[in-house]
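In what follows, a single structure is set out as structure tokens and then discussed.
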2 protein chains.
Amino acid sequence: MKLNNTSQYAIRILAYIADHKEKSLLSAVELSTALVIPYKFLTKIMTELVKADFIESIRGREGGFKLQKKASEIKVDDILNIFNDSIKEEECILGIGFCNGMCKCALHDQWMEPKLLMQKMFRESSLEDIAGRGCKI
Amino acid sequence: MKLNNTSQYAIRILAYIADHKEKSLLSAVELSTALVIPYKFLTKIMTELVKADFIESIRGREGGFKLQKKASEIKVDDILNIFNDSIKEEECILGIGFCNGMCKCALHDQWMEPKLLMQKMFRESSLEDIAGRGCKI
DNA sequence: AATTAACTCTACCTTTAGGTAGTAATTTAA
DNA sequence: TTAAATTACTACCTAAAGGTAGAGTTAATT
Ligand code: SF4
Ligand code: SF4
């Protein structure tokens, strides 16, 4: 029961960029070094974030990355969705087919409250809410 | 953000056995059929549950499986622990080293409440609480 | 004693997540 | 105009999760 590696990296990357808006651009090398994420893997993730329109990339010398939206407009849940790591409405916690509302699984009653709270947390927390809040980056 | 397949299977298997205590033993074939879990994979999981002392196995013809403890004494969290799928106290949601209480990660403030609620749910829900509660099995 | 129905063990196969390598394309600065 | 610094793309490699095969062991029934 945890976020996958790629989601974790993506959240940290975006939070870091949001927290360094004084620098107009951050390069992959800078990010990779600051966040201790393997360079080649980071660039792969960056490309996905660019395609998802969260990040704008400037190519060529002096290029780099910056947010394409306001930090308050990117929610943690949006990031998880890119990597298929969000808590899915229709998916049963026990992996039994789909939620149809009619037929519950054994854990349903216990699961609903934490599920809703986590969804709320992921959906309501924006980059602005989390950027620069930790001493761990 | 979901339970892994093996944990899901294990919870369903144990809940099913707890819900059928009128039968003194259930065989791997019966379980595999009833729960629609691949036979060979199920037997592998059963062996782990036996080693973890949650289940007692009787070998030979007319053999099968039964709970080794009272249903109220097996918590969902105990099952998750076997498959290393519990929510770890010391592990950061963003995967940054270990929780030391001193130095927070960006998501810490948002994560604490859902984390505690989920831990509580997993730790306090026993097989007795969940057995036979769903129409999905 | 042989047969059958069960669990157990070891080894392997397949799929997915995580990660790496090399090259192409783009832009700026010297 | 060339070299350097940068992102983008394609292909591959590795490790872990999920799953399968087959032979071995146990015990009741015939
Ligand atoms: S029963 Fe509850 S947990 Fe299971 S699928 Fe339906 S809503 Fe999801
Ligand atoms: S900061 Fe919070 S989430 Fe991150 S490691 Fe510490 S306790 Fe865990």
Side-chain angles (χ1 to χ4, degrees), chain A residues 1-13 17 23-68 79-80 82-86 94-96, chain B residues 1-13 17 23-68 79-80 82-86 94-96:
Chain A
M1 200 63 175
K2 52 179 273 216
L3 294 178
N4 67 40
N5 228 321
T6 312
S7 306
Q8 293 177 336
Y9 284 157
I11 294 169
R12 290 173 56 215
I13 292 165
I17 295 177
K23 308 186 86 167
S24 60
L25 287 178
L26 289 161
S27 75
V29 171
E30 280 178 276
L31 292 168
S32 163
T33 306
L35 297 163
V36 194
I37 298 172
Y39 173 79
K40 280 291 196 177
F41 195 33
L42 180 129
T43 59
K44 192 175 188 174
I45 294 171
M46 296 313 286
T47 302
E48 296 188 70
L49 294 175
V50 169
K51 285 188 178 148
D53 289 332
F54 289 119
I55 283 194
E56 186 182 340
S57 66
I58 313 292
R59 292 175 66 156
R61 189 166 173 166
E62 305 288 290
F65 300 98
K66 65 179 177 185
L67 291 188
Q68 196 166 18
I79 304 168
L80 299 185
I82 303 176
F83 303 102
N84 198 36
D85 205 14
S86 185
L94 293 184
I96 317 173
Chain B
M1 201 63 175
K2 51 179 272 217
L3 295 178
N4 66 40
N5 228 321
T6 311
S7 306
Q8 293 177 337
Y9 284 157
I11 294 169
R12 290 174 56 217
I13 292 166
I17 295 177
K23 308 186 87 167
S24 61
L25 286 179
L26 289 161
S27 74
V29 171
E30 281 177 277
L31 291 169
S32 164
T33 306
L35 297 164
V36 194
I37 298 173
Y39 174 79
K40 279 294 197 178
F41 195 34
L42 179 130
T43 58
K44 193 175 187 175
I45 295 170
M46 294 314 286
T47 303
E48 296 189 70
L49 294 175
V50 169
K51 285 188 178 147
D53 288 332
F54 290 120
I55 283 194
E56 185 181 342
S57 66
I58 314 293
R59 293 176 65 154
R61 188 167 172 164
E62 305 288 290
F65 300 98
K66 66 178 178 187
L67 291 188
Q68 197 165 19
I79 305 169
L80 298 184
I82 302 176
F83 303 102
N84 199 34
D85 204 16
S86 186
L94 293 184
I96 318 172

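The sequence lines fix the lettering, A, B, ..., with proteins before strands; numbering per chain opens at 1. On a predicted model such as this, the values are computed, not experimentally measured, just so you know.
Legend: residues meeting side-chain contact (heavy atoms from CB on, under 4.5 Å) with B/E62, ordered by chain and number and at least two apart, are absent. Judged as a side-chain contact (heavy atoms from CB on, under 4.5 Å), and not counting sequence neighbours, the contacts of B/L94 are A/I11, A/R12, B/C92, B/I96, B/C105, B/A106, B/L107. Every ring pair (Phe, Tyr, Trp, His ring centres under 6.0 Å) that A/Y9 has, sequence neighbours left out, goes to A/F41. Remark: B/A34 engages B/Y16 in a side-chain contact (heavy atoms from CB on, under 4.5 Å) (not counting sequence neighbours). For A/S86, the side chain to side chain donor-acceptor pair (under 3.5 Å) criterion is met by A/D77, not counting sequence neighbours. Every residue meeting the side chain to side chain donor-acceptor pair (under 3.5 Å) condition with B/K23, not counting sequence neighbours, appears here in chain and number order: B/E30. When the side-chain contact (heavy atoms from CB on, under 4.5 Å) test is applied to A/K51, the partners found at least two apart in sequence or on another chain are A/T47.
Atom C1' of nucleotide D/dA8 and atom CG of A/L49 are separated by 14 Å, given to the nearest angstrom. If you take NZ of A/K66 and P of D/dT6, they are 17 Å apart, rounded to a whole angstrom. Between the CD atom of B/E48 and the C1' atom of D/dG18 there is a distance of 12 Å, given to the nearest Å. D/dT20 atom P lies 11 Å from atom CG of B/N5, rounded to whole Å.
Contacts classified as salt bridge (charged side-chain N to carboxylate O under 4.0 Å, His left out) and involving residues 39-48 of chain B (residues at least two apart or in different chains) are not found.
Toward the 5' end of DNA chain C, the nearer of the two residues B/F65 and A/N84, judged by each one's closest nucleotide, is B/F65. When the nearest nucleotides of DNA chain C are assigned to A/N4 and A/R61 by heavy-atom distance, the more 5′-ward of the two goes with A/N4.
Inter-residue side-chain proximity for B/F83 and B/L3 is flagged as unmet; no heavy-atom pair is nearer than 4.5 Å.
First and last contacting nucleotides of DNA chain C toward chain A (any atom under 4.0 angstrom from a heavy atom, 5' to 3' order): C/dG18 to C/dA29.
Proximity of a side-chain donor or acceptor of A/S32 to a complementary backbone N or O of A/I37 within less than 3.5 Å is detected.
For the contact set between residues 39-47 of chain A and DNA chain D, defined by any heavy atom under 4.0 Å, the members are A/Y39, A/T47. For the segment residues 23-35 of chain B, no residue has any heavy atom less than 4.0 angstrom from an atom of DNA chain D.
The residue A/Y9 sits close only to the backbone: its heavy atoms come under 4.0 Å of sugar-phosphate atoms, none of a base.
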query: Taking it one step at a time, do A/L49 and A/I82 satisfy side chain to side chain contact (heavy atoms under 4.5 Å, CB included)?
result: CA-CA 8 Å; A/L49 294 175; A/I82 303 176; 3.8 Å; yes
